[in-house]
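Report on the structure given below.
Atoms within a ligand are numbered from 1 in the order they appear, just like the ligands themselves. Numbering starts at 1 and runs along the sequence shown.
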Amino acid sequence: MTINLNGRLALVTGASRGIGYFLSLELAKRGAHVIAVARTVGGLEELDDNIKALGGSATLVPLDLTDMAGIDRLGGSIHERWGKLDILVANAGVLGTISPIGHVEAKTFEKVMTVNVTGTWRLIRSVDPLLRQSDAGRAILLSSGVAHSARAFWAPYAASKAAIEVMARSWADETKAMKLRVNSVNPGATRTAMRAQAMPGEDPETLPHPQEVAEKIVALADPALNVTGKLFDVRENRFLDYCMPG
Ligand code: NDP
């Protein structure tokens with residue numbers, strides 16, 4: 001709990017449940033005002049109650065991340081109200097279906113790409129100028145181990161996460177001379193609705209709780225962090241180097 005986020009403004013997508021919900025709480029615990037984005041108003045309201053109980057504050061934004069104009073308006077609203085953003089957590093995501101690549105329905109593939117890739121890019125575009133206004137802008141993008149392990153039957157989701165990581169690295173390279181730090185995260189298997197959808201036969205009690213995972217990810221919001229363009233592995237609790245040339 002040594003990170004002090006007092007006076008910092010954090011935007012978290014997928015804040016209505018799972019990792020995004022607990023990461024929002026961890027950010028609020030450390031003093032950040034949380035702009036919580038998701039579609040499910042009930043989940044956002046429950047988060048708001050819990051943040052208030054901690055003495056923190058939040059702004060709730062019910063938004064579907066397939067609504068690209070809505071994402072643009074969100075950046076505009078943050079600009080008008082605060083003029084900057086300190087922390088972006090691009091966490092919202094969908095799994096699609098686990099099936100052989102030839103059996104994936106077009107609408108499923110498109111949904112995964114729209115929410116996970118296009119929605120994330122559109123959000124980056126919307127808030128990049130605001131993060132550059134911060135004296136310690138931090139962007140945290142949720143990836144997955146399958147971006148690297150390329151597991152059978154996970155093609156759309158795995159491709160979307162690989163795209164997120166490459167976007168994060170490109171963005172980090174563009175901004176490396178600035179105060180903005182951009183990193184991806186592999187949370188590892190975590191006890192959430194998405195994991196239960198992916199692995200219905202698995203006992204959720206064998207997996208880390210999202211709060212435990214969020215407590216590690218919150219380190220990437222530290223204003224003192226001096227790492228950019230890397231992948232943070234929650235299980236190993238450290239940054240990994242990308243082993244690619246040039
Ligand atoms: P959950 O399914 O529990 O939560 C996903 C969140 O994304 C929800 O808050 C949901 O909110 C939001 N979301 C989904 N679609 C949309 C949309 N169209 N518009 C706005 N918000 C949306 O997932 P997890 O917490 O498990 O996953 C969080 C991140 O971590 C994801 O990016 C996932 O890929 C990644 N990850 C998770 C792992 C795990 O084992 N759990 C492992 C590796 C990576 P709502 O439905 O209210 O809109």
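- Aromatic ring orientation, Trp82 versus His33: tilted (interplanar angle from 30° to 60°).
- Counting all heavy atoms, side chain and backbone alike, Ile3 lies closest to Val218 at CD1-O, 3.7 Å.
- His79 meets the ring pair (Phe, Tyr, Trp, His ring centres under 6.0 Å) test with no other residue; sequence neighbours excluded.
- Sorted by first and then second residue, the pairs that involve residues 220-229 and meet side-chain hydrogen bond (donor to acceptor under 3.5 Å, both in side chains), not counting sequence neighbours, are Arg181-Asn226.
- With sequence neighbours excluded, the residues satisfying salt bridge (charged side-chain N to carboxylate O under 4.0 Å, His left out) with Lys176 are Asp173.
- In this structure a side-chain-to-backbone donor-acceptor pair under 3.5 Å is missing from Asn186 to Asp233.
- Sorted by chain then number, the residues whose non-hydrogen atoms approach ligand 1 to under 4.0 Å are Gly14, Ala15, Ser16, Arg17, Gly18, Ile19, Ala38, Arg39, Thr40, Leu63, Asp64, Leu65, Asn91, Ala92, Gly93, Val94, Val115, Leu142, Ser143, Ser144, Tyr157, Lys161, Pro187, Gly188, Ala189, Thr190, Thr192, Ala193, Met194, Arg195.
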